[in-house]
Engineer: 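Take this structure first; my questions come after.
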Amino acid sequence: MFVVATAGHVDHGKSTLVRALTGMEPDRWAEERRRGMTIDLGFAWTTLPSGGTVAFVDVPGHERFVPNMLAGVGPVPAALIVVAADEGWMPQSAEHLAALDALGVAYGLLAVTRADLADPGPATARARAEIAATSLGAVPAVAVSGLTGAGLPELRSALDRLAARVPAPAVDDPVRLWVDRSFTVRGSGTVVTGTLGGGRLRAGDELEVAGGDEPVRVRGLHSLGEARPEVTAVARVAVNLRGTPRDRLGRGDALLTPGRFHSTDLVDVRLAGDPAADLPATLTLHVGSAAVPVRVRPLGPDTVRLRLARPLPLLVGDRALLRDPGRHHVTGGVRVLDVAPPPLARRGAAAARAQVLAELDGRPDLAGELRRRRLVRAGTLLRMGVPVHTAPVAGDWLADPAHWQRLGEQVTEEVARYAREHPLEPGMPVDALRQRLALPDRVLVEALVRPPLRIHAGRVGTASVDALPEPVARAVQRVRAEYGDRPFRAPEADRLVDLGLGPREIGAAVRAGALLRLADNVVLLPDALDGAVRVLAGLPQPFTLSAARQALDTTRRVAVPLLELLDRRGATRRLPDDARIVVT
Ligand SMILES: Nc1nc2c(ncn2[C@@H]2O[C@H](COP(=O)(O)OP(=O)(O)OP(=O)(O)O)[C@@H](O)[C@H]2O)c(=O)[nH]1
Ligand SMILES: [Mg+2]
C-alpha cells in the first residue's frame, strides 16, 4: 500500500480532491461537514490504474489545526501538496511545506486545484519553485478540478508513478506504530489507528505501549476497512487491543515491538536550516504523531539538547520538527543524534559535547557508538536504533576494541600491584578488580582474565594462586623439617614468631592447605589428622583425654583442640563420661 498525506492551505480543495479520487468522505465529523472545513485527520483510499492501493491521510489546512496536520504527516513518507489555482501560495502552504521539509519528506506531488476557477499556471510556477528548495526537490505537477473532474486521470497516473519511486519499507524492522486515533467499537473494545511505516503486525501479537509497563495484545487487525490476520508496512492499520481501556492510549502514543525501543526524555539533536542561536527556550517537538513540550539547551552552532516533558521511543536518525505554538511557526527540522546522551555536569562538558556532536550525522554508526560508550550492551544499542553486527566480548556486552585491549593490560597491572601490596593473599578478589576498572558487570572481568592469570575461588592471580607465597612456603618447610617426626607437637608461640609465622602467614598457609589450625597459634602439619585417628584407633576403646595425649606424645594444648576437631569431623565421638571412641 502507498500512503500519502495531503498538505496545503485551508480551503484549497484537499478534501474535495480526496473525495473525488476515492469516492470516500475524508471529513468524518458532522462539525467538519457543517463548517466545510477539515478539523482532524481524515482517511480514504482507492485503487490506482496499476492495481495498487493508495491510502490518503487528509489533513486540515487551517492554521489552528497545524498540530493535527503534523500528527498525520509525521509517520508518512510522501505528500500530495494542494494549492488552489485561484488563491495561489498562502501562509499554510508555506507552513505545511516547511513541516514536510523539516521532517525530510522526499517524495511528493503538486496538485493545483480549482483549475476551473483560474489559470493554474502562476500558482503552479510559484509552488514548484517553493517546493524545489526543500527536501522534496522538483516535483511533478498536475492541474485538476475537484468539481469537474478535469485532470483526475493524470493525477491518478502521477500517484502511481510516485508510489513506484518510494523505497520499499523495511518489513522485518520492529514495529513502532504512532497512534493517530483511538476509539471504542461496541463489542470489540479499544481500537487505535496509525500508519505502519515498517515491520508487520499479526493478530495475537504482544506489543508494548511506549512509557507503559504492561504489554497489550492484538485482538484483531483491520486495514482499508477489512479484517486481516496480518498487516505489513507500509499500511494504514486499525488495531483492536484486547482488554485495554480506551483512555490508556491516544494520539501521540506508540505501539512497539517489545524490548526493541528505548523511551527517552533527553536527546541531542542537529537542527536543520536556521542555526540554534535565537531559539526560544521552550518549544514543541513533533515526532510521529506525538507533540511534546521540550526545553532547549544550545550546545553547538547547529546542535541542541532537548529535555522532553514526557519520554518518547526515539531512535538515532529519527526526523522530527520543532514548532513554536505561540507564533504558528515551524522553527525547523531536527535529526536525532543521540537518544542516551551523557549528563553535562562538569565544567566544559557542554563544549566538549558540542565537539562530539559536530562529528555525528544521525546515521547509526556502531563503531562510533562503541568508541564513545566504550562498553555497551548489544540490546541497548539495538533499542537506540543502532544495528549490531559484531560479536560481544562477554555476555551481550560489546566493547570498543582499543578500550578492550587497554582493559586487558590494566587487568595485568592491577593484579600484579595487588599481589605486591597483599603478598599473602592468593590473588585479587574478582569484585575488587571489577571496581578498580569500573566495569559494570562481573562477566567482563571474567572475559578479561587470560593466562597466565586465572580465576580461582573468586580471586584473580597467576596460575599458581593456590600455591603458597614464597616466605610462607619456606616457613612451612622448616616446620616440616623440625616436627615431621613428632607430628602432634605444635610449635610454641615464640617458635612460630621465630619461624616468621604471624597470624597472616598462618592464614595464608591454612588457606593453601599447608598447615592445619587447631586454635590460635596452635598449628600442625595437615597430615596429622589422619595420623591421629590411626593412633587413637589402636587404643582400647573408649579412651580418655589423658590416654590420647600420651599415645599421641603431645600436650593438652594440642590434644584438647585436636580431639574437638576430630569430634566435629565425626572421626571420634565423645561419650557422656567425657571418654571417646573412634568412629569406624
Ligand atoms: N470550483 C471549485 N471549487 C472547489 C474545488 N475544490 C474544492 N472546491 C471548493 O473549495 C472549498 C474548500 O474545499 P475543501 O476540499 O474543503 O478544502 P480543504 O483544502 O480540504 O480545506 P481544509 O481541510 O479546511 O483545509 C469547498 O467549498 C469546495 O467545494 C475545485 O476544484 N473547483
Ligand atoms: Mg479538508
Side-chain angles (χ1 to χ4, degrees), residues 3-46 54-74 76 78-100 108-124 126-127 130-131 139 141-156 158-159 180-181 193 195 236 251 286 289 323 328 330:
V3 181
V4 59
T6 60
H9 196 72
V10 63
D11 266 354
H12 275 202
K14 299 179 288 300
S15 300
T16 302
L17 194 55
V18 169
R19 206 177 292 120
L21 287 166
T22 66
M24 296 173 74
E25 176 54 66
D27 286 334
R28 295 172 287 125
W29 296 3
E31 186 189 352
E32 292 178 312
R33 293 200 285 272
R34 197 171 61 245
R35 289 168 67 182
M37 169 195 276
T38 305
I39 296 169
D40 202 359
L41 303 173
F43 307 97
W45 55 89
T46 189
V54 59
F56 293 95
V57 176
D58 183 37
V59 309
H62 194 281
E63 67 168 9
R64 270 183 46 211
F65 307 129
V66 169
N68 291 343
M69 180 271 179
L70 293 174
V73 300
V76 177
L80 173 63
I81 300 172
V82 173
V83 178
D86 55 328
E87 276 205 341
W89 197 250
M90 294 291 280
Q92 268 60 53
S93 312
E95 187 173 10
H96 285 196
L97 180 62
L100 297 173
L109 191 56
L110 169 65
V112 178
T113 51
R114 302 170 39 140
D116 54 298
L117 297 180
D119 170 12
T124 305
R126 169 79 190 274
E130 297 283 349
I131 297 167
V139 297
V142 185
V144 293
S145 166
L147 200 73
T148 69
L152 289 185
E154 290 78 3
L155 182 56
R156 287 181 210 277
L159 283 165
D180 49 34
R181 256 193 320 158
T193 68
T195 302
R236 286 293 308 168
R251 177 169 294 172
H286 294 262
S289 62
R323 184 166 182 270
H328 289 290
V330 171

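Each ligand, and each atom within it, is numbered from 1 in the order the structure gives.
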Engineer: Looking at atom 27 (O) of ligand 1, tell me if a protein heavy atom falls under 4.0 Å from it.
Structural biologist: no
Engineer: Can you sort out which atoms of ligand 1 are near Met37, meaning under 4.0 Å from one of its heavy atoms?
Structural biologist: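 Here the atoms of ligand 1 in question are 24 (O).
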Engineer: If you measure every N/O of Asp58 against every N/O of ligand 1, is any gap under 3.5 Å?
Structural biologist: no
Engineer: Indicate yes or no: at least one non-hydrogen side-chain atom of Leu17 is less than 4.5 angstrom from one of Phe56.
Structural biologist: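 No, side chains not in contact.
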Engineer: Quick check: does Thr38 have an N/O/S atom under 2.8 Å of the Mg ion (ligand 2)?
Structural biologist: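 Yes, Thr38 qualifies, because one of its backbone or side-chain N, O or S atoms lies under 2.8 Å.
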Engineer: For atom 7 (C) of ligand 1, which protein heavy atom lies nearest, and how many Å away is it?
Structural biologist: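 Heavy-atom neighbour on the protein nearest atom 7 (C) of ligand 1: Thr16 OG1, 3.3 Å.
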Engineer: Identify the closest protein heavy atom to atom 9 (C) of ligand 1: which residue and atom is it, and at what distance?
Structural biologist: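 Looking only at protein heavy atoms, the one closest to atom 9 (C) of ligand 1 is Arg114 NH1, 3.8 Å.
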Engineer: Students should be able to answer this: which protein heavy-atom is nearest to atom 16 (O) of ligand 1, and at what distance?
Structural biologist: Gly36 O, 3.8 Å
Engineer: What atoms in ligand 1 come closer than 4.0 Å to a heavy atom of Ser15?
Structural biologist: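 Taking each heavy atom of Ser15 in turn, ligand 1 has 15 (O), 18 (P), 20 (O), 23 (O) under 4.0 Å.
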Engineer: Considering Asp86, Asp11, Thr6, which one's heavy-atom position lies nearest to atom 21 (O) of ligand 1?
Structural biologist: Asp11
Engineer: I'd like to know if Asp58 pairs up with Arg19 as an ion pair, taking the criterion as any Lys NZ or Arg NE/NH1/NH2 lying under 4.0 Å from an Asp or Glu carboxylate oxygen.
Structural biologist: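 No, this pair does not count.
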Engineer: Flag the pair Leu155 / Leu80 as yes when at least one side-chain heavy-atom distance between them is below 4.5 Å, and no otherwise.
Structural biologist: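 Yes. Closest side-chain heavy atoms under 4.5 Å.
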Engineer: List the steps and the verdict of side-chain contact (heavy atoms from CB on, under 4.5 Å) for Val59 and Asn68.
Structural biologist: CA-CA 7 Å; Val59 309; Asn68 291 343; over 6 Å; no
Engineer: Measure from the side-chain N and O atoms of Ser145 to the backbone N and O of Ala150, and report whether any donor-acceptor pair falls under 3.5 Å.
Structural biologist: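 Answer holds: no.
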Engineer: Could you walk me through whether Val139 and Leu109 pass the side-chain contact (heavy atoms from CB on, under 4.5 Å) test, one step at a time?
Structural biologist: CA-CA 5 Å; Val139 297; Leu109 191 56; 5.8 Å; no
Engineer: Going by heavy-atom distance to atom 17 (O) of ligand 1, choose the closest among Gly8, Gly13, Pro26, Ala150.
Structural biologist: Gly13
Engineer: Check ligand 1 against Asp116 and write out every atom of the ligand that is under 4.0 Å from a heavy-atom position of the residue.
Structural biologist: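 Per the distance check, 1 (N), 2 (C), 30 (C), 31 (O), 32 (N).
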Engineer: Please determine which of Thr6, Asp11, Asp27 meets the side chain to side chain donor-acceptor pair (under 3.5 Å) test together with Thr38.
Structural biologist: Asp27
Engineer: Just going by heavy-atom distances, which of Thr38, Ile39, Thr148, Val82 is nearest to atom 24 (O) of ligand 1?
Structural biologist: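 Looking at heavy atoms only, the winner is Thr38.
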Engineer: Short list, please: which atoms of ligand 1 are under 4.0 Å from a heavy atom of Leu117?
Structural biologist: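 This gives 1 (N) as the contact atoms.
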Engineer: Taking backbone and side chain together, does Ser15 place any N/O/S atom at a distance below 2.8 Å from the Mg ion (ligand 2)?
Structural biologist: yes
Engineer: Check this for me: does any side-chain nitrogen of one of Glu32 and Arg28 sit under 4.0 Å from a carboxylate oxygen of the other?
Structural biologist: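 Salt bridge flag = no for Arg28 with Glu32.
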Engineer: Tell me, do Pro26 and Lys14 make a side-chain contact under 4.5 Å, heavy atoms counted?
Structural biologist: no
Engineer: Return the closest protein heavy atom for atom 18 (P) of ligand 1 as residue, atom name and distance.
Structural biologist: Lys14 N, 3.5 Å
Engineer: Before accepting this row, confirm whether a basic side-chain N of the pair Arg236/Asp180 lies closer than 4.0 Å to the acidic partner's carboxylate O.
Structural biologist: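 Salt bridge: yes.
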Engineer: Which atoms from ligand 1 have a heavy atom of Gly146 less than 4.0 Å away?
Structural biologist: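 Selected atoms, number and element: 30 (C), 31 (O).
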